[in-house]
Amino acid sequence: MKRWVKMIRFIGGLCLVTLLGIAYVSYLCHNSLCLAPEHSSLSPRYSVSSSSSSSRSEILSSPASLVKLIGGFPTKVNIESVAFEEAYDMGFDITSRDVIVFLHIQKTGGTTFGRHLVRDLNLENPCNCPRKRKRCDCFRPNTVNEQWLFSRYSTGWKCGLHADWTELTDCVEGALDEYEGTSRKRRYFFITVLRDPIHRYLSEFRHVQRGATWKSARHWCGGQEFTSLPHCYKGSNWTGVELDEFMNCSYNLAHNRQTRMLADLTLAGCYTGYNTTADQLERDRILLQSAKQNLASMAYFGLTEEQATSQYIFERTFHLDFANPFDQANATLSAQAIAELTPAQIERVRQLNSLDNELLEFARQLLHERFKKLKRRDPHFRRNWLRVIHPHKSERTTETH
């Protein structure tokens, strides 16, 4: 009898230890980078109903090496996102339920582009931009509160300061429902602007050196806000920081910022373990793959270094024209900033932004593909292109004919 009692106690003890172990492992995997099984799928957390597909189809199918989820957050957002081909074929209907969503990445020229959107589009009912007010009212015709543009200069930072892809896809529908006071399904045309990674990184460094922080950003991901991300500085800001110190902070969000802001962060554990080296190569590959996939699925993106091409693609994709052309910024200041760096510093900046470099190369090829496709379809290409690159000459030509 005593032997049976001892055996029952022994088995009960094993069960208790097992349960405690499961609970402990579950806690760790919720708060750190744990690899999911090999058969997990790299799938977006939002639904894209567009029937069109990118010409760079290899990005839209995940290779076997990228099938792992690193601490993935299983969330699903059902919004209707319109891809490039569908945007061109069906157009943008400002009178219906279409919304342009501008994903504004820091120091890419997004501020200038954002102003173009609210001030320079040729519309029957242009945005109303009162003097001494930062934001404009971009309401649909015959409405008093239905926004067709979701951006800094129209709705403000409704999804957080410089909200990224993960935040916007999770937030935009609810934010507009709250703003307009009604729940409705919309079609979302996501757009963004990218920039040469070295120039962008150095521009952000200079901005931070002058006192910028963006510390009010939400970093919302997987249904929670990551408020405890470490800062690279002590005090209220990083004013006066030197470049080497800026680069040496391992959890500096400036590193590969464009890739991170375009990727679905839930696929890589959000910001959990962001500043650790555990499975960093796997995490980087997943983020880069996701960023490319999301960029290819966007209705539009432009490149800071290719303003004319970017403007032409926007106008032909959305069938909307800008009253004022995009200005190609003089690269002298960027060239001077780079000239002040040592070869070792330039190489270090390049290494810290290796994912962004690969993303930009992909973006450049995709941009040129879209340009060629639109050019072939445009029966008035010469006139439309001339108006973009020589607007005043185009106006004089039109007046004489």
Side-chain angles (χ1 to χ4, degrees), residues 82 87 92-95 97-141 143-165 167-169 171-181 186-195 200 203-204 207 212-218 220 257-258 261-262 298-304 307 310-311 313-315 317-329:
V82 180
F92 177 78
D93 189 352
I94 198 172
T95 65
R97 60 189 184 97
D98 293 353
V99 180
I100 293 176
V101 182
F102 179 32
L103 194 164
H104 183 175
I105 301 173
Q106 290 95 316
K107 313 312 293 180
T108 58
T111 297
T112 300
F113 178 70
R115 290 195 180 109
H116 274 301
L117 290 174
V118 298
R119 296 182 182 276
D120 292 336
L121 280 175
N122 282 319
L123 301 170
E124 290 185 12
N125 298 91
C127 297
N128 179 29
C129 302
R131 294 184 61 186
K132 298 183 179 180
R133 205 177 86 179
K134 291 183 178 180
R135 294 203 297 269
C136 304
D137 294 325
C138 298
F139 298 143
R140 303 186 193 282
T143 71
V144 294
N145 70 336
E146 290 186 18
Q147 294 274 2
W148 60 264
L149 175 64
F150 193 87
S151 74
R152 170 188 182 182
Y153 289 118
S154 55
T155 56
W157 302 113
K158 291 291 185 182
C159 290
L161 179 62
H162 286 285
D164 56 29
W165 179 275
E167 292 173 301
L168 285 173
T169 55
C171 161
V172 63
E173 185 106 291
L176 283 175
D177 283 349
E178 181 179 355
Y179 183 90
E180 297 175 1
R186 306 170 183 85
R187 295 201 316 160
Y188 295 99
F189 295 67
F190 283 89
I191 66 175
T192 194
V193 178
L194 299 180
R195 185 182 181 186
R200 195 216 67 80
S203 181
E204 178 167 343
H207 200 49
T213 62
W214 299 297
K215 58 186 176 184
S216 60
R218 297 171 62 211
W220 182 269
R257 180 180 288 280
Q258 295 176 103
M261 291 187 66
L262 284 176
M298 280 186 160
Y300 167 82
F301 69 89
L303 297 182
T304 305
Q307 293 288 335
S310 298
Q311 179 181 342
I313 291 176
F314 182 97
E315 293 183 344
T317 301
F318 289 94
H319 308 290
L320 296 171
D321 294 336
F322 287 98
N324 296 308
F326 294 3
D327 291 328
Q328 185 65 60

Sequence neighbours excluded - salt bridge (Lys or Arg N to Asp or Glu O under 4.0 Å) pairs with any residue from residues 109-136: R133-D137
Rounded distance [0.5 Å steps], CD1 in I191 versus OG in S310: 11.5 Å
With sequence neighbours excluded, residues passing side-chain hydrogen bond (donor to acceptor under 3.5 Å, both in side chains) with Q311: E315
side-chain contact (heavy atoms from CB on, under 4.5 Å) between F190 and T169, worked out: CA-CA 9 Å; F190 283 89; T169 55; 4.0 Å; yes
Those residues that, when tested against D93, pass side-chain contact (heavy atoms from CB on, under 4.5 Å) (two or more places apart): T95, S96, D98
Residues R140, E146: salt bridge by 4.0 Å N-O rule: yes
CA sep, side-chain torsions, deciding dist, call: R186, D177, side-chain contact (heavy atoms from CB on, under 4.5 Å): CA-CA 10 Å; R186 306 170 183 85; D177 283 349; 3.0 Å; yes
T108 and its side-chain contact (heavy atoms from CB on, under 4.5 Å) partner, picked from R257, E204, M261, R195: R195
Stepwise side-chain contact (heavy atoms from CB on, under 4.5 Å) check, L176 with K158: CA-CA 9 Å; L176 283 175; K158 291 291 185 182; over 6 Å; no
Spacing of D164 atom CG and R218 atom CZ [to the nearest 0.5 Å]: 10.0 Å
Atom pair NE2/CD1 of H162 and I105 - distance to nearest 0.5 Å: 10.0 Å
L121 CG to C127 SG distance, which is reported to the nearest 0.5 Å: 7.5 Å
Nearest atoms (heavy-atom pairs only) where Y300 meets I313: CD1-CG2, 3.9 Å
Derivation of the side-chain contact (heavy atoms from CB on, under 4.5 Å) call for N125 and W148: CA-CA 11 Å; N125 298 91; W148 60 264; over 6 Å; no
Heavy-atom pair of closest approach, residues K107 and R200: O-CG, 3.1 Å
Between OH on residue Y153 and CZ on residue F102, distance to nearest 0.5 Å: 9.5 Å
Heavy-atom closest pair, residues V82 and A87: CG1-N, 3.6 Å
Mutual orientation of the aromatic rings belonging to F314 and F322 [parallel < 30°, tilted 30-60°, perpendicular > 60°]: tilted
S154 side chain vs L149 backbone, donor-acceptor pair below 3.5 Å: yes
G109 versus T304, closest heavy-atom pair with distance: N-OG1, 4.4 Å
Taking every non-hydrogen atom, the tightest pair across V172 and C159: N-SG, 3.7 Å
Parallel, tilted or perpendicular, as decided by the 30° and 60° cut-offs, for the rings of F318 and F92: perpendicular
Heavy-atom side-chain contact between L168 and Y188 under 4.5 Å: no
Euclidean distance, Q147 CD relative to F139 CZ, rounded to 0.5 Å: 5.0 Å
Closest non-hydrogen atom pair, M298 against L262: CE-CD2, 3.8 Å
